[in-house]
2 protein chains.
Amino acid sequence: MTDEKTMTIREMCEAFDVTPRTLRFYEAKELLFPIREGQKRLFTRRDRARLKLILRGKRFGFSLEDIRQLLDLYHMGDQQQTQLAKTYEIAQDRLQSMIDQRDELNEAIDELKEQMRWGEKMLASMSNSKKAAE
Amino acid sequence: MTDEKTMTIREMCEAFDVTPRTLRFYEAKELLFPIREGQKRLFTRRDRARLKLILRGKRFGFSLEDIRQLLDLYHMGDQQQTQLAKTYEIAQDRLQSMIDQRDELNEAIDELKEQMRWGEKMLASMSNSKKAAE
DNA sequence: AGGATAGCTGACGTTTACGTAATGCATACG
DNA sequence: CGTATGCATTACGTAAACGTCAGCTATCCT
């Protein structure tokens with residue numbers, strides 16, 4: 001057993017800094033599949049792995065629906081071949097868009113740095129002329 | 001005059017692949033400032049530059065409000081010093097978050113590639129056992 | 001003059017991703 | 001035994017970012 005301990009909803013919330021509402025919402029949208037003990041949710045190692053990917057995907061600006069499709073790639077042990085192939089294609093597309101996004105991000109970073117150098121010069125010259133006026 | 005030609009709302013829409021509603025919405029939110037000829041909007045070179053940055057920001061997952069603040073950095077000729085300094089700070093924060101995002105994106109790309117190699121192996125072995133069964 | 005075309009202003013509708021009560025069950029605690 | 005605590009389910013509310021539709025103008029064309 002590789003750390004097959006389950007967590008309550010509160011423990012999850014503290015561990016990942018989300019609200020209970022968020023976790024229940026993700027379950028409703030079939031992004032997480034906590035098991036039930038009575039009526040209580042118990043989150044497994046698998047749920048934790050998925051939640052980590054969900055939160056990361058969100059930081060990249062992907063929608064929950066986008067993320068849901070990608071998640072299958074990380075948990076496809078029992079899939080059919082055709083389903084797996086489709087998932088693989090989706091993953092390829094997503095990978096490409098992530099690479100594109102990274103490249104554009106690099107460009108944007110360089111441009112912003114450039115602008116900020118300009119801003120520094122402006123700040124410097126403004127504080128100079130202010131000193132001269134005193 | 002450095003290409004100081006204005007564009008109608010339709011021309012903008014085709015050039016940037018957005019709807020008129022979007023452009024009017026951005027104006028209402030003070031992201032764009034088209035001049036008026038009668039009651040018609042005329043978009044300037046400045047608006048085009050800003051729109052390009054807006055759309056890019058959106059692809060990075062920034063909110064319009066985030067973007068609005070950043071935009072000031074690119075068009076701060078007539079600002080006061082204090083205002084400029086504040087804008088500069090905002091830009092620094094944003095730059096850092098973009099760098100963080102890029103780094104995390106690189107990690108995610110590597111992980112996804114790894115998963116896909118695994119998926120390829122699965123696909124291969126599944127098609128093998130299928131051939132063997134025939 | 002009478003459309004067709006392009007743009008305008010409200011104003012209400014929609015989707016996404018949750019927030020926020022209101023109400024109910026179950027268990028632990030003094 | 002009562003109550004406080006933790007989690008549950010409905011269900012309605014909300015902010016962001018537009019979509020959509022109705023009704024009004026100005027202009028150009030024949």
- Query: Do A:R94 and A:F62 meet the cation-pi criteria used here (NZ or CZ under 6.0 Å from the six-membered ring centre, within 45° of the axis)?
  - Reply: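 Output yes; distance and angle both within limits.
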- Message: Tell me whether A:D93 contacts the main-chain N or O of A:I90 through its side chain, where contact means a donor paired with an acceptor under 3.5 Å.
- Response: no
- Item | Under 3.5 Å side-chain donor-acceptor pair for B:D100 and B:S97 | no
- Item | With A:L95 via side-chain contact (heavy atoms from CB on, under 4.5 Å) - residues at least two apart |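 Per chain and number, A:L95 pairs via side-chain contact (heavy atoms from CB on, under 4.5 Å) with A:I99, B:I109, B:L112, B:K113, B:M116.
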- Residues clustering with B:I35 (ILVMFWY side chains joined when closer than 4.5 Å, directly or via others): B:L42
- B:E27: salt bridge (Lys or Arg N to Asp or Glu O under 4.0 Å) partners, not counting sequence neighbours: B:R36, B:R41
Do any side-chain atoms of residues 51-58 of chain A form donor-acceptor pairs under 3.5 angstrom with protein atoms, and if so which ones, sequence neighbours left out?
| from | atom 1 | to | atom 2 | distance (Å) |
| --- | --- | --- | --- | --- |
| A:R56 | NH1 | B:E111 | OE2 | 3.2 |
| A:R56 | NH2 | B:E111 | OE1 | 3.1 |

- Note on the structure: Rounded to 10°, the angle between the first-five-pair and last-five-pair axes of the helix from C:dA1-D:dT30 to C:dG30-D:dC1 is 20°
- Which letter, B, S or -, goes with each nucleotide of nucleotides 6-22 of chain D from 5' to 3', with contact meaning a protein heavy atom under 4.0 Å? -SSB-------BBBB--
